[in-house]
Amino acid sequence: MTRTIETVRTVRDLRARVGAWRDAGETVALVPTMGAIHAGHLSLVALASTLADRVVTSLFVNPLQFGPREDFNAYPRDEARDAAALAQAGSDLLYAPDASEMYPPGFSTKVNVGDLTENLCGAARPNHFDGVATVVAKLLLQSAPDKAIFGEKDYQQLLVIKRLVRDLNIPVEIIGGAIVREADGLALSSRNAYLSPAERKIAPMLYETIHAVATDLEQGRGADDAAETARFKLEAAGFRVDYVAVRDPETLAPLHGPVKQARVLAAVHLGKTRLIDNVPVSAPTP
Ligand code: AMP
């Protein structure tokens, strides 16, 4: 049977829908997306439906989180296709506001999460995390969910949102969902659609390389040394490397020498496409 999904476009309609569920004693989970729905997003919807009675998925390509030379205009948009996929995956409601609903004339508030946003993607994409924090704060206040689900694919973003919610006492539990990958290891991303066939062939090397860093670290190799080798391998394969970094999994503080718990994070450019990925490191305690 083909399932359909109700779509609301205003905060007022969203609150009416969520309010009715709450009045009926139901719990609500939110899955924020920018659309171009793929199996990674759908895994978050599936996780959300195990954690709450109702799942709201938001679809909003947030202009605030794109830089002036980034792909806001080119970003893939197909709401009808996304709505069908989300309905099939069991989402109960699609919240797809227009930019004027999200940022009405005179909008002038910005949310800035310090510290965690200064390095890695924050260094390469100035203002990006302000845009993310601002829209996520709004989405959480608009929908008032019990839980909100974000992918570990955007690991720094997940930590930024956990900090935002803690610092502003927003009453929601933030939950991370595991990264969904293609069979060859490439993490699913809406931006993979930009890759040429030749680029698509070498793209899985990103995961392969950071996975090798994690294995090396688990075998006691020093963090700087392992990251340097990875950068060299990626550059030799034709990637332009923004960063390959070994960081504390909670604070993103840089780690040096042998590590126990860590996260390996990388961002690269392949032609005109920026790709990010990350893996956990868990070295056995001797
Ligand atoms: P986006 O539409 O790219 O903003 O992503 C919406 C949500 O889906 C974010 O929380 C992402 O971290 C998450 N996500 C994107 N790609 C994946 C993936 N391959 N596996 C799991 N979650 C993902």
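For clarity, every value in this text was computed on a predicted model and none was experimentally measured. As the structure lists them, so they are numbered: ligands from 1, and atoms in each ligand from 1.
Judged by distance alone, the side chains of Thr27 and Asp146 never bring a donor and an acceptor atom under 3.5 Å apart. With no hydrogens or angles considered, no side-chain donor-acceptor pair links Tyr194 and Glu199 at under 3.5 Å.
Looking at Gly151 next to ligand 1, an N or O pair under 3.5 Å apart turns up. At under 3.5 Å, a nitrogen or oxygen of Asp154, whether backbone or side chain, sits near a nitrogen or oxygen of ligand 1. An N or O contact shorter than 3.5 Å is missing between Phe150 and ligand 1 by distance. Looking at Ile179 next to ligand 1, no N or O pair under 3.5 Å apart turns up.
Counting the atoms of ligand 1 from 1 in the order shown, those under 4.0 Å from a heavy atom of Thr33 are 2 (O), 6 (C). Atoms of ligand 1 lying under 4.0 Å from at least one heavy atom of Leu188, given by number and element, are 16 (N), 17 (C), 18 (C), 19 (N). Residue-ligand proximity, Gly40 to ligand 1, at heavy-atom distances under 4.0 Å covers atoms 18 (C), 20 (N), 21 (C), 22 (N). Set against the non-hydrogen atoms of His38, the atoms of ligand 1 under 4.0 Å away are 15 (C), 16 (N), 17 (C).
Of the protein's non-hydrogen atoms, the one nearest atom 1 (P) of ligand 1 is His41 NE2, 3.7 Å. In terms of protein heavy-atom proximity, atom 21 (C) of ligand 1 is nearest to Ala178 O, 3.3 Å. When hydrogens are left out, the protein atom nearest atom 20 (N) of ligand 1 is Val180 N, 2.9 Å; that is the closest non-hydrogen contact. Given atom 7 (C) of ligand 1, the protein heavy atom at minimum distance is Pro32 O, 3.6 Å.
Between Met34, Gln65, Lys153, it is Lys153 that holds the heavy atom closest to atom 17 (C) of ligand 1.
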Exercise for the section: Please lay out, stage by stage, how Val135 and Gln65 fare under the test side-chain contact (heavy atoms from CB on, under 4.5 Å). Expected result: CA-CA 9 Å; Val135 81; Gln65 71 189 70; 4.0 Å; yes
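At most 12 heavy atoms of other shown residues, nucleotides or ligands fall within 6.0 angstrom of atom CZ in Arg12. Residue His38 places its NE2 atom among more than 12 non-hydrogen atoms of other residues, nucleotides or ligands, all under 6.0 Å distant. Around the CZ atom of Phe232, the shell of radius 6.0 Å holds no more than 12 heavy atoms that belong to other residues, nucleotides or ligands.
With a heavy-atom cut-off of 4.0 Å, Glu152 does not touch ligand 1 at all. Only side-chain heavy atoms of Leu44 come within less than 4.0 Å of ligand 1; its backbone N, CA, C and O stay farther off.
Here the rule is side chain to side chain donor-acceptor pair (under 3.5 Å) with Tyr103, and of Thr109, Asp98, Asn62 only Asn62 fits it.
Annotation: salt bridge (Lys or Arg N to Asp or Glu O under 4.0 Å) contacts of Glu118 (sequence neighbours excluded): none.
Cluster partners of Leu188, using a side-chain heavy-atom cutoff of under 4.5 Å among ILVMFWY residues and allowing indirect links, are Val180.
When atom types are taken as modelled, the side chain of Arg9 and the backbone of Ala96 share a donor-acceptor pair closer than 3.5 angstrom.
Heavy-atom distances between Arg191 and ligand 1 stay at or above 4.0 Å for every pair.
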